[in-house]
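Everything below concerns the one structure shown next.
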Amino acid sequence: MDTSLSPQDSPPATAGSAPPRAGDRRPGFGTLLAVDLWERFSFFGMAAILVLYLTASEARGGMGMAPQPATAIFAAYMSLSFMAGLPGGWLADRVLGARRAVLLGGVLITCGHAVLAVPVTGTLYAGLLLVVGGTGLVKPAMAAMVAGVSGDGEGRREAAFSLFYMCIQVSALIAPVVTGLLAERVAWHLGFAAAAVGMTAGLIQFALGLRRYGDVGARPPRPVPRPEALAMLRRAAWVTGSVGVLVVLPVSRGLLPLPVVLAALGLTTITLPFWYLRSLRRAHAPGTGHRRRLTGFTALMAASAAFWMIFAQSGSVLSLFAERHTDRDVLGFEVPASWFQSVHPLFVLLVAPLFARLWVRAPRVDVPVKFAGALIAAGSSFLLMAVAATLAEHGPVGPHWLLLVYLLYSCGEIALAPAGLALAAAVAPPGSTSRLLAVNGLFGAVGVVVGGQLFRLTTVLSPATYFLLLGTSVLAVGTTIALGTPHLRTLLALRRDPGP
């Protein structure tokens, strides 16, 4: 694959970093993999047990919620995790630098899981917000450091992100098994505690390996003057505290209706990435390379939201389907429903080498083609779920239905996610790499929010009809991207490899 930018439009290396010379090994790349592995352990462990914890009866130690509000809270947590990446990326680019952003974010994640591990009523929202704030700092800063140590060149950058993305699936594989076993078989709060221990281990490893990065991430690329930075941080702390007092406490006490908060959050999530990219495009003169690339990037990111709309429901809709409509008995042992969350990363690890070989043998498969294929795979997965839901009306179905769905998810994610990260790093204007990487995640949040709202349709639609509706819609988006591939290549200044 060749997604190189034209020479006159090529963005410079991220300021404040010192990429390795040609032929050098990536300094500290293994340490970055290990740290992100633990951060993803936190994320995927939470995704595996949160809805199950919220819907479990109080007699079993859960919150006793109905599926609809529990799924809405899960969607809010997921969308906030992505949305927090934009201010987190700004802090990494302008105030903290990527290294300090990772350290501070890791501390917040650890504290959040520690709060959730305390079996005291009223800690749920405070713990989730701490995890969200930490994730918003860690994810864009970590991605920017990967871009920094991978060096110049679109091919090297995408190869680094592909390896990075594949390796962290180990964490996604292990996290649901560990947290699910502790949560469902021992105590829910032990599942949250396990994530705190893992993130602490990652922070220690990162701190010990800082000297290996040279100048990468040591300073913000475009630092804000210190007095201005301190004033902004004070304002951010004031806003955060106000949100806690005016929103979080009333919601946790039942004084403020949760649907109102979720509606406001959903509207903000959907509009924020489009508003930000529009303002970024308007900062450049019409007809310039940055403006054209940002236009193409916006179109592809908007389409990717449809993929993440399907993908994000694995932790809610599919978890409930696994728990309530799937035969999970294996030789007399009932497999915990949360363990199905490990199937997807297992498939990623198994099929990623096959896709890596495919990209080498088929260089014409560039970013728009990968996005179209991922969307078609996601849409097809929900068509399969429509068949499974129809069969489940007569009794539990076999686990092979979910296994096939997760296989399609995995193929789609391998095609779309690393390509999206590499493209964000490539089209980012100078000094905004962390923020554009965060915007890539924000469109994932758009998909999560839309999917969470569409889940309300399950109160009036049968599961089979629901799956059929979503699957058909995403297939239509994938087909549109496939048909628009030539125009997207022109906007993004992608050069097709002539091939053999």
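With ring centers used as reference points, Tyr53 lies under 6.0 Å from Phe192.
Among all heavy-atom pairs drawn from Pro140 and Gly89, the shortest one is CG-N, 3.8 Å. Taking all atoms of both residues into account, the shortest heavy-atom contact from Asn440 to Ala424 is CB-CB, 4.2 Å. The shortest heavy-atom contact between Gly191 and Thr179 is O-CG2, 3.6 Å. Of all heavy-atom pairs between Leu203 and Leu103, the closest is CD2-O, 3.7 Å.
The distance from atom OH of Tyr77 to atom OG of Ser81, rounded to the nearest 0.5 Å, is 4.5 Å. To the nearest 0.5 Å, the span separating CZ on Arg291 from CG on Leu280 amounts to 10.5 Å. Of the inter-residue distances, the one linking Leu80 atom CG with Leu129 atom CG reads 7.0 Å to the nearest 0.5 angstrom.
No side-chain heavy atom of Leu272 sits under 4.5 Å from any side-chain heavy atom of Val439. Ile73 places a side-chain heavy atom less than 4.5 Å from the side chain of Met65. Between Leu416 and Lys370 there is no side-chain heavy-atom pair separated by less than 4.5 Å. In this structure, Leu54 and Phe74 have side chains that are not in contact, with every pair of non-hydrogen atoms separated by 4.5 Å or more. Counting heavy atoms from C-beta outward, Leu277 and Leu436 have side chains that approach closer than 4.5 Å. Contact annotation: the side chain of Ser319 never approaches that of Val51 to less than 4.5 Å [non-hydrogen atoms, C-beta and beyond]. Counting only heavy atoms from C-beta outward, the side chains of Leu318 and Tyr409 approach each other to under 4.5 Å. For the pair Asp366/Leu492, no side-chain contact is recorded, criterion being any heavy-atom separation below 4.5 Å from C-beta on.
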For this session: Mind running side-chain contact (heavy atoms from CB on, under 4.5 Å) on Val446 and Trp308 for me, showing each step along the way?
Result: CA-CA 8 Å; Val446 171; Trp308 298 119; over 6 Å; no

For this session: In sequence, state the C-alpha distance, the side-chain angles, and the governing distance for Phe443 and Phe297, and then conclude on ring-ring contact (aromatic ring centres under 6.0 Å, His included).
Result: CA-CA 11 Å; Phe443 279 97; Phe297 178 75; 7.3 Å; no

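With sequence neighbours excluded, the residues forming a side chain to side chain donor-acceptor pair (under 3.5 Å) with Thr298 are Arg281, listed by chain and number.
When the options Leu130, Val138, Val132 are evaluated for a side chain to side chain contact (heavy atoms under 4.5 Å, CB included) with Ile109, the one that passes is Val138.
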